[in-house]
Amino acid sequence: MRVNFTVNGRPRQADDVWEGESLLYVLRERLGLPGSKNACEQGECGSCTVRLDGVPVCACLVAAGQAEGREVVTVEGLATGEGGAELSVVQKAFTDAGAVQCGFCTPGLVVAADELIRRTPDPSDADIREALSGNLCRCTGYEMILDAVRLAAARAGEAG
């Protein structure tokens, strides 16, 4: 089957997609967007989180055909500037706060945090914890991640 959808603001097409193929596989292997990570393939870790029509989802659990006619935003799509040359507020905050260790969970956390700040510009710690509850990290202990989201929200508010 052919899947036509918008990815990071651009119309995209994937051909010869089989019925059981995940959105994650299409993004990584067919469209060359490796930011979303393939870890558990069961929707448990959040490493593959993308936004589908504005809602964070685990791309490993979404059949590629379900994206037909819809909009997908990956971690690559959060960057700004010519060709995505400049990191987004959230991406910069994760770097500045030291919330990036091995980096495997980072794309999913960044997408989830970005969506939270769009929805709730001044999130409480409880809001942050809830928004990131579907994302697992084995390296940071989460404090630096929470610091990064707080920093991103503050910077977004200042820019705002």
Side-chain angles (χ1 to χ4, degrees), residues 1-95 99-121 123 128 130-140 142 145 148-149 152-153 155-156 159:
M1 97 177 98
R2 172 177 288 164
V3 179
N4 293 290
F5 54 128
T6 302
V7 180
N8 299 331
R10 292 180 43 217
R12 299 298 296 263
Q13 178 178 298
D15 290 320
D16 299 321
V17 175
W18 57 278
E19 290 179 13
E21 200 164 317
S22 71
L23 176 59
L24 177 61
Y25 184 87
V26 168
L27 292 170
R28 289 180 57 81
E29 305 303 328
R30 293 180 182 270
L31 301 183
L33 296 168
S36 304
K37 302 303 181 208
N38 185 4
C40 73
E41 294 185 357
Q42 297 176 10
E44 296 292 329
C45 72
S47 294
C48 65
T49 301
V50 299
R51 283 200 311 256
L52 181 62
D53 290 338
V55 177
V57 298
C58 290
C60 71
L61 296 180
V62 176
Q66 290 177 287
E68 176 67 35
R70 298 174 78 182
E71 183 175 347
V72 175
V73 176
T74 69
V75 70
E76 291 96 341
L78 299 181
T80 60
E82 184 68 31
E86 187 168 330
L87 296 177
S88 72
V89 170
V90 175
Q91 291 167 323
K92 285 180 191 173
F94 266 68
T95 301
V100 178
Q101 297 286 312
C102 80
F104 207 79
C105 66
T106 305
L109 285 162
V110 167
V111 171
D114 182 80
E115 191 278 330
L116 167 67
I117 292 168
R118 287 174 186 271
R119 183 175 31 90
T120 309
I128 296 169
E130 176 65 25
L132 303 183
S133 65
N135 298 77
L136 301 178
C137 176
R138 295 178 184 230
C139 300
T140 65
Y142 296 98
I145 293 168
V149 178
R155 287 178 176 172

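In this chain, residues are counted from 1 in sequence order. The figures that follow rest on heavy atoms only: side chains count, while hydrogens, waters and symmetry mates do not. It should be emphasised that the depicted structure is a prediction, and the values quoted were computed from it without experimental measurement.
Distance alone, capped at 3.5 Å, is enough to place a donor-acceptor pair between the Q66 side chain and the A63 backbone. The closest donor-acceptor contact from the side chain of R28 to the backbone of S36 lies under 3.5 Å. Proximity of a side-chain donor or acceptor of E21 to a complementary backbone N or O of W18 within less than 3.5 Å is detected. The backbone N or O of G9 sits nowhere less than 3.5 Å from a side-chain atom of T6 that would complete a donor-acceptor pair. Panel note: side chain E76, backbone G35; a donor-acceptor pair is recorded below 3.5 Å. Remark: the backbone N or O of G46 is paired with a side-chain donor or acceptor of T49 at under 3.5 angstrom. In this structure a side-chain-to-backbone donor-acceptor pair under 3.5 Å is present from S88 to Q91. Although no hydrogens or angles enter the test, the distance criterion places no donor-acceptor pair under 3.5 Å between the side chain of D53 and the main chain of R70.
Put simply, OG on S47 and NZ on K37 are 9.0 Å apart, with the number rounded to the nearest 0.5 Å. Note that CD1 of I145 and SG of C139 are 9.0 Å apart. Values are rounded to the nearest 0.5 Å. How far CZ of R155 is from CD1 of I117: 11.0 Å, rounded to the nearest 0.5 Å.
Considering only residues two or more places apart in sequence or on other chains, R12 meets the side-chain hydrogen bond (donor to acceptor under 3.5 Å, both in side chains) condition with none of them.
Ionic pairing of R2 and E68 is not present here: no N-O contact between side-chain nitrogen and carboxylate oxygen is shorter than 4.0 angstrom. Ion pair D15/R30 not flagged as a salt bridge, since none of the NZ, NE, NH1 or NH2 atoms sits closer than 4.0 Å to an Asp/Glu carboxylate oxygen.
Donor-acceptor pairing under 3.5 Å is recorded for the side chains of N8 and T74.
Within 6.0 Å of CD on E41 lie no more than 12 heavy atoms contributed by other residues, nucleotides or ligands.
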